[in-house]
Amino acid sequence: MRTSSGHVARGAVLAIAVVSMFGALAHADGEAKLLAPSGTLRVGIYPGSPTSMVTDAAGKPHGLAYDLGGELANRLGVPIDYVRFQRVADIVTAIHDGQVDFTVTNATPARANEVSFSQPVLAIELGYLVPVNSPIGKIEDIDKPGVKIGVTKGSTSERTLPAKFKNATIVPAESVKIAIAMFGRGEIDLYATNKPTLFEMSDQMPGAKILDGNWGAEHMAIAIPKGRESALPLLNSFVAEEQSSGALDTIQQQAGLRGATKANRAGPHRSIARVRAAGLPASRRG
């Protein structure tokens with residue numbers, strides 16, 4: 001009887017283990033189908049910014065969106081497809097249209113109308129880059145007639161800065177790479193975006209410098225298509241694990257991401273709520 005009872009007990013434990021295993025697999029499969037319904041996690045990236053994708057001296061790609069996308073695909077057990085765009089605004093549109101599953105971008109109220117966001121991954125300062133021998137030495141020197149401020153077309157900077165400057169002119173650039181060439185042709189006098197991108201640009205512009213101070217901050221978060229909000233608890237857990245394990249620090253170091261600060265978990269969501277409650281246009285902030 002003892003032997004029989006022992007076999008029954010072991011059998012019950014085995015049965016529970018098998019059921020638990022299949023339950024976990026089914027749960028993981030459900031998460032994968034929700035976040036990557038095509039069977040592949042399509043990650044939107046654009047070159048030139050460590051918040052998205054850059055390449056190191058050996059030609060290996062790194063970046064916040066690039067590497068976090070890879071980490072999430074591994075967790076879901078699905079292959080990954082990196083989809084390249086010229087600028088982040090195009091990625092947001094592609095996510096809205098269901099052509100891309102994942103990226104990391106500034107969680108502004110305007111973008112929250114188009115995509116759904118996780119809790120913040122990290123915060124980064126916004127600043128200005130001036131070329132060598134520029135007469136602009138501080139932020140107070142910018143708002144003058146004839147000064148041309150370069151911004152990325154479709155970016156938060158393009159929407160926000162016209163309200164800050166009454167005399168200077170905002171000049172959109174198709175991409176960061178094109179903006180660097182615009183400096184050489186005298187088409188812009190400075191460039192405004194997040195500091196990690198400005199540091200990346202300055203590495204390619206000898207003598208260029210980032211002005212002291214900032215004109216705001218971006219709260220970087222994972223963006224996914226609307227309609228997949230049931231996946232947000234998983235994404236928030238994923239973000240928290242990346243932060244607490246040190247994996248996020250490693251990603252930042254490998255991408256050469258400079259100008260980042262610790263994220264406030266409630267940052268963009270609380271700000272979005274305040275803007276909407278006040279009845280202000282979503283495009284006024286970010």
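Model, not experiment: these values are computed from the prediction.
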For a 4.5 angstrom cut-off between non-hydrogen side-chain atoms, does Thr193 reach Leu198? yes

Could you tell me whether the side chain of Thr152 and the main chain of Ser155 form a donor-acceptor pair under 3.5 Å? no

If you draw a 6.0 Å radius around CG in Asp97, do more than 12 non-hydrogen atoms from other residues or ligands fall strictly inside? yes

Is it the case that the side chain of Asp67 and the backbone of Leu64 share a donor-acceptor pair, with hydrogens and angles ignored and the cut-off at 3.5 Å? no

Would you say that Ile180 contacts Met205 through its side chain, given a criterion of any heavy-atom pair below 4.5 Å between the two side chains? yes

Is the shortest distance from a Lys or Arg side-chain nitrogen in Asp189 or Lys148 to a carboxylate oxygen in the other one below 4.0 Å? yes

Between Arg84 and Pro47, is there a donor-acceptor pair closer than 3.5 Å when you use the side chain of the first and the backbone of the second? no

Salt-bridge criterion met for Glu140 and Lys138 (N-O under 4.0 Å): no

Ion pair present between Glu241 and Arg75, side-chain N to carboxylate O less than 4.0 angstrom? yes

So, the side chain of Lys33 versus the backbone of Gly39: is there a donor-acceptor pair under 3.5 Å, distance only? no

Decide side chain to side chain donor-acceptor pair (under 3.5 Å) for Arg228 and Ser116; before the verdict, give the C-alpha distance in whole Å, the side-chain angles of both, and the deciding distance to 0.1 Å. CA-CA 8 Å; Arg228 302 183 190 177; Ser116 292; over 6 Å; no

When you look at CG of Asn167, are more than 12 heavy atoms from neighbouring residues, nucleotides or ligands closer to it than 6.0 Å? yes

Intermediate values then yes/no, side chain to side chain donor-acceptor pair (under 3.5 Å), Thr40 and Ser38: CA-CA 5 Å; Thr40 297; Ser38 68; 4.8 Å; no

Quick one: does Val239's side chain get under 4.5 Å of Ile222's, heavy atoms only? yes

Closest heavy-atom contact between Lys164 and Asp143? O-OD2, 4.3 Å

Residue of the set Ile142, Thr169, Ile188 for which side chain to side chain contact (heavy atoms under 4.5 Å, CB included) holds with Ile149: Ile142

Please tell me if the side chains of Val43 and Leu68 come closer than 4.5 Å, counting only heavy atoms from C-beta onward. no

Is there a side-chain contact between Met182 and Val171 in this structure, where contact means two heavy atoms from C-beta onward sitting under 4.5 Å apart? yes

Hey, are Arg87 and Glu174 close enough for a salt bridge, meaning a charged N less than 4.0 Å from a carboxylate O? yes

Is there a side-chain contact between Phe165 and Leu161, using heavy atoms and a 4.5 Å cut-off? yes

If you take the centroid of each ring, where Trp contributes its six-membered ring, are Tyr191 and Tyr128 closer together than 6.0 Å? no

Check Leu72 against Phe238 and note the closest heavy-atom contact, atom names and distance. N-CZ, 3.7 Å

Treating Ser157 as the side-chain partner and Ala192 as the backbone partner, does any N or O pair qualify as donor plus acceptor under 3.5 Å? yes

